[in-house]
2 protein chains.
Amino acid sequence: MARPRKFDEEQAVDAALEAFWTTGYEATSTQELCEATGLGRSSIYNTFHSKRDLFRRALALYIDRRTGELTELLDTDLTIHAKIGTLLERVVAEESEHDRGCFFVNSAIELADRDAEVAQELERDYRRRLDALTAAIESGRRDGDVDRAKDARALAHFVIATIGGIRVSARAGADRAALESVARTALTAL
Amino acid sequence: MARPRKFDEEQAVDAALEAFWTTGYEATSTQELCEATGLGRSSIYNTFHSKRDLFRRALALYIDRRTGELTELLDTDLTIHAKIGTLLERVVAEESEHDRGCFFVNSAIELADRDAEVAQELERDYRRRLDALTAAIESGRRDGDVDRAKDARALAHFVIATIGGIRVSARAGADRAALESVARTALTAL
DNA sequence: CTTGTTTTGTATCGATTGGTTCAAAACACG
DNA sequence: CGTGTTTTGAACCAATCGATACAAAACAAG
C-alpha cells in the first residue's frame with residue numbers, strides 16, 4: 001500500500017508516558033516529546049494529532065498497566081487483609097524508590113478540573129478499581145479479618161483514599177517509616 | 001522619600017494565589033497574573049522579581065492561613081475525636097464545594113520533585129502540622145476515644161494522609177457520600 | 001519499473017512565553 | 001516649589017510554545 005512506519009506505536013506512547021510522568025503535562029514540551037520518543041515532529045503529529053491526544057494515550061496505557069497489576073493481586077488466594085496489606089506496601093515501596101509519584105494522581109491533580117475528558121477517564125478507572133476492591137472485600141468476608149459490620153464499598157473507598165494519601169504525603173516529604181506507619185494504621189480500620 | 005505604591009502587597013499576593021490555585025503554576029501565565037492582580041508587569045517584577053518568587057509568596061500565604069485554621073481548631077476544648085472529625089468534615093465540605101482542590105496538595109504534586117525550595121517549604125509545613133496534631137492527640141489521650149495502645153505520632157501521620165487521600169479521591173471523581181464514608185472509616189482507626 | 005500512498009525530515013508558522021528597558025508620572029522631603 | 005527617588009505603563013526582547021507545510025524518501029501493489 002504505502003510506506004510503513006519505522007517505529008512501534010506503543011513503544012512511542014510508553015516513552016511519552018515517561019516524559020509526561022516525570023515532568024507533568026504543561027511542563028513537557030513537544031520538543032522533549034520528540035527527544036523522548038526518538039521521533040520527528042511530523043511522525044508524532046501524524047500519528048497522535050496533538051500533544052493532548054498523546055497525553056491521553058499515555059494516561060490510558062498507564063491505567064491499563066496499573067489496573068492489570070491490581071486485578072492480578074486480587075486474583076491470588078491471599079486473605080483480603082494480606083491483599084490490601086501488600087497493595088499498600090507496594091505503594092510505599094514505589095514512593096520511596098523514586099520521586100515522580102503516581103501518574104494517575106499527578107494527572108488528577110494537574111488536569112482533572114481543566115480537562116473534562118481526562119477527568120472522565122480518571123473517574124472511570126476509579127470506579128473500576130472500586131468495584132474490583134469491593135468484590136474482593138465482599139468475597140473475603142469469610143476470612144474473618146475484615147470487620148463484617150462494615151460496608152465493603154465504604155472500605156474500598158477507604159483503601160483507595162489511603163493509597164492517594166500515602167502518595168501525597170510522600171510528595172510532601174514524609175519519610176518511608178512514616179508512610180509505613182500510615183499503611184499499618186489504615187489496615188487497623190478494616 | 002519617593003513615589004508610594006498604589007497597591008497593597010498582600011492583596012496582590014492573595015490575587016496571585018487565586019490564579020495559581022485555580023490554574024496551577026505552569027499553566028498560569030504572567031499575563032494572567034497581571035490581570036488577576038490588576039497590576040502592570042513592571043509593578044509585579046519590581047516587587048516580586050519573578051513568577052517563581054511570586055508563587056512562593058502565594059504558597060507561604062496559603063500555608064499560613066491553613067495552619068492558622070488548624071491550630072485554632074486544635075485549641076478548642078472538643079475531644080480529640082471530635083477535633084479530627086470536624087477537620088475531616090471540613091475537608092470533605094471544601095472538596096465538594098469547589099473543584100480546584102487544595103493548593104498545598106496541588107503544589108506538592110506539580111512542583112515538589114522539581115523545585116527544591118518549594119519542596120522544603122512543604123516539608124516544613126508538613127512537620128508543623130504533624131507536631132500540632134501529635135501534641136493534640138497526646139494530650140487527648142485521657143478523653144478515652146483514642147486507642148491508647150497506638151502511637152500518637154503514627155496517628156497524626158495517618159490523619160494527614162487521610163486528608164490528602166480524600167482530596168485526591170475528590171479530584172478523581174468520588175462523590176460527597178464516598179468522601180464522607182472515607183472520613184467515617186478513618187475515624188474508626190483512631 | 002512504475003504508480004499510489006504514506007511517512008519522514010526540515011523549515012517554518014504566528015502566538016505566546018517570562019522578563020527587561022526606559023522615560024514619564026507621582027509623591028515625600030527639604 | 002524644586003529635587004531625589006521610586007513606581008508605573010507601554011513598548012519591546014529573544015526564546016520557546018504547539019502545530020503546520022511541503023517535498024523528498026520509502027515502500028507495497030500492479
Side-chain angles (χ1 to χ4, degrees), chain A residues 1-60 103 106-107 110-111 114-118, chain B residues 1-60 103 106-107 110-111 114-118:
Chain A
M1 292 257 275
R3 178 176 179 176
R5 290 243 170 89
K6 237 176 12 183
F7 65 94
D8 177 65
E9 197 166 311
E10 175 166 333
Q11 201 171 318
V13 175
D14 193 23
L17 166 60
E18 289 293 316
F20 281 129
W21 192 352
T22 56
T23 323
Y25 176 76
E26 291 288 347
T28 303
S29 69
T30 56
Q31 180 58 33
E32 291 173 302
L33 255 13
C34 290
E35 290 160 10
T37 58
L39 303 183
R41 302 185 83 67
S42 309
S43 298
I44 285 188
Y45 277 92
N46 183 38
T47 312
F48 304 108
H49 313 108
S50 71
K51 178 184 172 181
R52 194 171 150 254
D53 281 7
L54 177 53
F55 178 87
R56 295 222 304 262
R57 286 284 302 268
L59 180 59
F103 191 55
N106 296 357
S107 302
E110 187 184 358
L111 297 173
R114 201 148 45 87
D115 187 319
E117 301 193 53
V118 166
Chain B
M1 294 263 273
R3 177 175 179 176
R5 289 242 169 91
K6 243 182 1 191
F7 65 93
D8 178 65
E9 198 167 309
E10 175 165 332
Q11 201 170 317
V13 175
D14 193 23
L17 167 59
E18 289 294 315
F20 282 129
W21 193 352
T22 58
T23 322
Y25 176 76
E26 290 289 345
T28 303
S29 68
T30 55
Q31 180 58 34
E32 292 173 301
L33 254 13
C34 290
E35 290 159 10
T37 57
L39 303 182
R41 300 186 86 66
S42 309
S43 299
I44 286 188
Y45 276 93
N46 184 35
T47 312
F48 304 108
H49 313 107
S50 73
K51 178 184 173 183
R52 194 169 151 255
D53 281 8
L54 177 53
F55 178 87
R56 294 219 307 259
R57 286 283 302 269
L59 180 60
F103 191 54
N106 297 357
S107 302
E110 186 184 358
L111 297 173
R114 200 145 46 86
D115 185 320
E117 301 193 50
V118 166

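Source: prediction; values computed, not measured. By convention in this document, chain letters (A, B, ...) are assigned in the order of the sequence lines, proteins followed by strands, and residues within each chain are numbered from 1.
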Does the base of dT7(D) carry an N or O that pairs as donor and acceptor with the side chain of Arg3(B) under 3.5 Å?
yes
Residues at least two apart in sequence or cross-chain that pass salt bridge (Lys or Arg N to Asp or Glu O under 4.0 Å) with Arg52(A), listed by chain then number, are Asp115(A), Glu117(A)
Run Tyr45(A) and Thr30(A) through side chain to side chain contact (heavy atoms under 4.5 Å, CB included) and show every step you take. CA-CA 10 Å; Tyr45(A) 277 92; Thr30(A) 56; 3.3 Å; yes
Value for CZ (Arg5(A)) from OG (Ser43(A)), rounded to nearest 0.5 Å, stands at 8.0 Å
Using a 4.5 Å cut-off on heavy atoms from C-beta on, say whether the side chain of Phe20(A) contacts that of Ser107(A).
-> no
Rounded to whole Å, CZ of Arg5(B) lies from C1' of dG9(D) at a distance of 16 Å
Glu35(A) atom CD is separated from dG9(C) atom P, nearest whole Å, by 14 Å
Between CZ of Phe7(A) and P of dT8(C) the distance, given in whole Å, is 5 Å
Review point. Does the side chain of Arg57(B) reach to within under 4.5 Å of the side chain of Glu9(B), using non-hydrogen atoms?
Key: yes
Filtered N/O pairs between nucleotides 16-20 of chain D and protein, under 3.5 Å:
unit_1	atom_1	unit_2	atom_2	d
dG18(D)	OP1	Thr28(A)	O	3.4
dG18(D)	OP1	Lys51(A)	NZ	2.7
dG18(D)	OP2	Thr30(A)	N	2.8
dG18(D)	OP2	Thr30(A)	OG1	3.1
dG18(D)	N7	Arg41(A)	NH2	3.4
dA19(D)	OP2	Tyr45(A)	OH	2.8
dA19(D)	OP2	Lys51(A)	N	3.0
dA19(D)	N7	Arg41(A)	NE	3.3
dA19(D)	N7	Arg41(A)	NH2	2.7
dA19(D)	N6	Arg41(A)	NE	2.4
dA19(D)	N6	Arg41(A)	NH2	3.2

Within residues 12-21 of chain A, the residues having a heavy atom closer than 4.0 Å to DNA chain C are none
Rounded to whole Å, the CG-P distance (Asp53(B) to dG19(C)) equals 9 Å
- Any cation-pi pair here, Lys51(B) with Tyr25(B), using under 6.0 Å and within 45°? yes
From CD1 of Ile44(B) across to P of dT21(C) the rounded distance in Å is 18 Å
Beyond-backbone contact of Thr28(B) with Phe55(B), side-chain heavy atoms, under 4.5 angstrom: no
Here the distance between atom P of dT17(C) and atom CG of Leu33(B), to the nearest Å, is 11 Å
So CG of Leu59(B) and CG of Leu54(B): to nearest 0.5 Å the spacing works out to 11.5 Å
